[in-house]
Protein chains: 2
Amino acid sequence: MILSRTSQYAIQALIFIATRPPGEPVLNREIASYLNVPPAYLAKIMQSLCKGNLLYSYRGRLGGFCLREGASKTDLMQILLLTEGPSFTQECVLGLKVCSDATACPMHTKWVPIKKKVVALLNEQTLEKLARAVQTGKYRLSDLPTSLLAPMRRA
Amino acid sequence: MILSRTSQYAIQALIFIATRPPGEPVLNREIASYLNVPPAYLAKIMQSLCKGNLLYSYRGRLGGFCLREGASKTDLMQILLLTEGPSFTQECVLGLKVCSDATACPMHTKWVPIKKKVVALLNEQTLEKLARAVQTGKYRLSDLPTSLLAPMRRA
DNA sequence: CCTCATTCGGAGAATTTTATCCGAAATCCA
DNA sequence: TGGATTTCGGATAAAATTCTCCGAATGAGG
């Protein structure tokens, strides 16, 4: 409804790393298998998160990725800036190239307040917060095992 | 941020038709040129809106599209059901296959209220309403002419 | 030094979304 | 009836997104 797969993977991966002891590199392979996402694709995304200064990467044995100092304070909006681009929150709902208070599409005035709420939420959710929510066990980061999804009737 | 191009075109086209005298078929060509969208692509979308029972279509001379009876009461949610599919509002923000109150991603509880607001808005905005908003002249349906977009300095 | 494990970076394949093309069918009108 | 106009429907192309592959560079540890 809102985010590209790329953004979803990026957020999931970053939260996952944030749940791990800081400073200990996490393997791409491990993240991908935990989140159940394509490893090679995730690797690309990890690269871009490195370039976006959210992660450190280490090659070779004992390599992997870990959060940069202070990166656990990163909020979702900052991540989406990297994965969705800077115009993410600036686009018109109906797709008009220009849609501002001065010259707007017929949804504009109704949409702006909702957009503000979305942005506020994305701004307040940090990796730290989300990681803690996962650590409590109340929330999930990866899909349920298929066995739980569609319980099979005994043969 | 939310809607596919297809959905945006569909909504724009339907609002446009709703601003026209009911019962008088509007040409695909005319809609496309007014909205400045690719005519052949729009034609496909119009077809699917016919199949979705929002429009009548007439072939031949004096042909075109017009709203079905009562279709001006259609709200955006109904349109999006056609263009985005039924799972539009049911997807998890982080992309989990299953994310419900019982077993949720760490964004779930914060996201649900916002999603509700979005759905409520989409449910209350009808073609009628939106068309009227356009007819007042306060709101636009199509892009500004490029001359207004990027005023050129005299040579 | 060599080997192994990892990320890097570029190329490219697969899929989905967006867009185009064209012949056929329908409809109006002369 | 025939010509003009329009949508219909199927095939296909183009572009964007998602995903894969592989050789090269890097680093750890023997």
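Convention: sequence-line order gives letters A, B, ...; per-chain numbering from 1. No hydrogens, no waters, no symmetry mates; every other heavy atom, side chains included, goes into these values.
In terms of modelled atom types and a separation under 3.5 Å, the side chain of A/Arg140 and the main chain of B/Val98 share a donor-acceptor contact. Listed for the B/Asp143 side chain is a donor-acceptor partner under 3.5 Å among the backbone atoms of A/Lys97. Panel note: side chain A/Glu84, backbone A/Leu3; no donor-acceptor pair is recorded below 3.5 Å.
Side-chain contact annotation: B/Thr19 with B/Gln135, donor-acceptor N/O pair under 3.5 Å absent.
Atom CD1 of A/Ile45 and atom C1' of C/dG9 are 16 Å apart (whole Å). To the nearest angstrom, C1' of C/dA19 lies 14 Å from CD of B/Gln47. Between A/Asn28 atom CG and C/dG9 atom P there is a gap of 14 Å when expressed in whole angstrom units. Atom CG in A/Leu55 sits roughly 17 Å away from atom P in C/dT6 (whole-Å rounding). Here the C1' atom of nucleotide C/dT18 and the CD atom of B/Gln8 are 12 Å apart, to the nearest Å. Summarising the geometry, the separation between CZ on B/Phe65 and P on D/dT5 is reported as 18 Å, rounded to the nearest angstrom.
Ring geometry for B/Tyr9 against B/Tyr41 counts as perpendicular: the plane angle is over 60°, on a 0 to 90° scale with 30° as the lower cut.
A/Tyr56 comes within contact range of no nucleotide atom at all, as no heavy-atom separation falls under 4.0 Å.
Looking at residues two or more places apart in sequence or on another chain, you find no side-chain hydrogen bond (donor to acceptor under 3.5 Å, both in side chains) involving B/Thr136. In terms of the salt bridge (Lys or Arg N to Asp or Glu O under 4.0 Å) criterion, A/Lys117 has no residue partners (sequence neighbours excluded).
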Can you check each nucleotide of nucleotides 20-30 of chain D against protein heavy atoms at under 4.0 Å and return B for base, S for sugar-phosphate only, - for none, in 5' to 3' order?
-> B----BBBSS-
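Listed candidates were D/dT6, C/dT18, C/dC8. Nearest to the side chain of B/Arg29 is D/dT6.
Contact check, B/Ser4 against C/dT17: no side-chain N or O comes under 4.0 Å of OP1 or OP2. Side-chain N/O atoms of A/Ser57 include one lying less than 4.0 angstrom from OP1 or OP2 on C/dC8.
The residue among A/Arg5 and B/Leu27 whose nearest nucleotide of DNA chain D is located toward the 5' end is B/Leu27.
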